[in-house]
Amino acid sequence: MKFFIDTADLDEITALTETGMVDGVTTNPSLIAKAGRPFLDAIAEICHVVTGPVSAEVTATDAPTMIKEGRKLAAIADNVAVKVPLTEGGLMACKALSDEGTMVNVTLCFSAAQAILAAKAGATFVSPFVGRLDDLGQDGLGLVEDICDIYANYPNFKTAVLVASVRGPQHVVDAAKMGADVVTLPPNALRQLFQHPLTDKGLQSFLSDWATTGQSIL
Ligand code: G3P
């Protein structure tokens, strides 16, 4: 399973990349607005730090303009994945950009039917938003399970399932059990994966017992 981080904050991306756990980055217009940096510069900087796919989202809503924007974003670096919304126009842009060899991440996927269309359009990634479905009392991970099951029936579908809108470790574990290819995590959600109170407690106890020996390894 690959881990992307869902942020445009370069300091966070740099710090988390040093853990060796970051396989890519996803951004969206809201995250770019939060970062407060010029969009194209921010994407170029992220692509310099991260070797894996970096999703950069178009902001047009008609296919021809999305394609033009996508080409401009893809020209920033070889590892840009152009992000398009799961609309009719977005899928037309996905098909055109994918046919040109550009990685495309189809975002805002909220149904299995939409995910089938994304695969047919040649998407590199499809992003089901689990947290936002859970927020409505719906079953976000159930959608991920459906998509994984459906894609497994069709080996000619090459689209990777990228679980987005992740809220915490349980989403990651459940998505991994379902065989999802990628999860994208906000920085703090990635940090949560490292943590367990029994790890902290056990380490504290080992270190205090070690201190009584008066020894040192180095
Ligand atoms: O970047 C797409 C997605 O991960 C956004 O998640 O937390 O805004 O629902 P969220």
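Atoms within each ligand, like the ligands themselves, are counted from 1 in listed order.
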List the closest protein heavy-atom neighbour of [atom]: residue, atom name, distance to the nearest 0.1 Å.
atom: atom 7 (O) of ligand 1; answer: Arg167 NH1, 2.8 Å
atom: atom 2 (C) of ligand 1; answer: Phe129 CZ, 3.3 Å
atom: atom 6 (O) of ligand 1; answer: Ser165 CA, 3.3 Å

Are the side chain of [X] and the backbone N or O of [Y] linked by a donor-acceptor pair below 3.5 Å?
X: Thr26; Y: Ser55; answer: no
X: Thr159; Y: Ala123; answer: yes
X: Ser98; Y: Gly122; answer: yes

Any nitrogen or oxygen of [X] lying under 3.5 Å from a nitrogen or oxygen in ligand 1? Just yes or no.
X: Asn28; value: yes
X: Asp6; value: yes
X: Thr26; value: no

May I ask you to identify, for Glu57, whether its side chain, its backbone, both or neither come under 4.0 Å of ligand 1 on a heavy-atom basis?
->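 Looking at Glu57 and ligand 1, no heavy atom falls under 4.0 Å.
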Could you walk me through whether Val182 and Phe3 pass side-chain contact (heavy atoms from CB on, under 4.5 Å), step by step?
-> CA-CA 6 Å; Val182 189; Phe3 287 171; over 6 Å; no
May I ask you to list the atoms of ligand 1 that are less than 4.0 angstrom from any heavy atom of Lys83?
->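 In order of numbering, the contacting atoms are 1 (O), 2 (C).
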Number the atoms of ligand 1 from 1 as they appear, then name those within less than 4.0 Å of a heavy atom of Arg132, with their elements.
->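 Once the distances to Arg132 are compared, the set is 5 (C), 8 (O), 9 (O), 10 (P).
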Using a strict cut-off of less than 4.0 Å between a Lys/Arg side-chain nitrogen and an Asp/Glu carboxylate oxygen, indicate whether Arg191 and Glu12 qualify as a salt bridge.
->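 Between Glu12 and Arg191 there is a salt bridge, with a charged N closer than 4.0 Å to a carboxylate O.
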Taking NZ, NE, NH1 and NH2 as the nitrogens, is one of them in Glu100 or Arg71 under 4.0 Å from a carboxylate oxygen of the other?
->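 A salt bridge links Glu100 with Arg71.
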Flag if over 12 foreign heavy atoms under 6.0 Å of CD, Gln195 |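 Count over threshold, so yes.
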